[in-house]
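Taking it in order: structure first as structure tokens, then the write-up.
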Amino acid sequence: MKLVTIVAEALARPAIEQLVNQVGAHGFTVFPVEGSGAGGERRADMGEYSNVQFEVIVPPAIAQTLMDRLYTDYMPRYGLVVFEGDVRVLRPDKF
Amino acid sequence: MKLVTIVAEALARPAIEQLVNQVGAHGFTVFPVEGSGAGGERRADMGEYSNVQFEVIVPPAIAQTLMDRLYTDYMPRYGLVVFEGDVRVLRPDKF
Amino acid sequence: MKLVTIVAEALARPAIEQLVNQVGAHGFTVFPVEGSGAGGERRADMGEYSNVQFEVIVPPAIAQTLMDRLYTDYMPRYGLVVFEGDVRVLRPDKF
């Protein structure tokens, strides 16, 4: 299974919750974090504060869909940092 | 080493702290999260809010014991999401 | 890419932010956690409460530099737990 982590400006939270449910994730956590964001070509991908961090457990195919959607539809509009890692889940049939 | 993450209803916190110490983990963090939980056959594995997230660093054998105990003794009683991943730890001799 | 997680006594936060920026990380999150720390030969590597958890995305070489610096310069002074894992990042060119 994949653990997808999404760090986003707090403003983006409702939109991301909607997407996470839409792609078929069965569970997620979200909590407030502070952070300074990826610099790169845009000046401020993430604000200095008032970010939220989502953690979503999904099968690989759904992780891919989720990341594709974040890349094409959300990154142009919101400050986001997104990454995934491999995890072993108890009762993976539930996700 | 293994990073075991346990998302649980806040109610389960003291019981999980006790278990984590009992299996021999030397350190953990815990913080409050919101989240909606794994659906599956039971209606609500996790409440919508008031969850806590534990992160525990342990050697593989202890991770296995911890996950086995969570599965057999805690999942029937509490709403839990549990997963583990591989990490490389500074000073692994301490865990 | 690497996800480096640093759990530290809150007191160490400004010093760690400075280090994270110094080694060239482009983004991090930080949030408060409770936790009890690695026992080992020192009595209390981490206080029972008032810790912070940093999560930093960096290329492997910077992760190594960051962990080396934490080991040599920060662990003697502060209570720290540090570990890294592998992640796949959207737009890795930005980190």
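To find a chain, count down the sequence lines: A is the first, B the second, and so on, and within it residues start at 1.
- Residue Glu55(C) touches chain A through its side chain alone, counting heavy-atom pairs closer than 4.5 Å.
- Here the side chains of Phe83(A) and Leu90(C) are not in contact, with every heavy-atom distance at 4.5 Å or above.
- Atom CZ of Arg13(C) sits about 4.5 Å away from atom CD of Glu34(A), to the nearest 0.5 Å.
- Per-residue counts of heavy-atom pairs under 4.5 Å with chain A were compared for Val89(C), Val20(C), Asp86(C); the largest is that of Val89(C).
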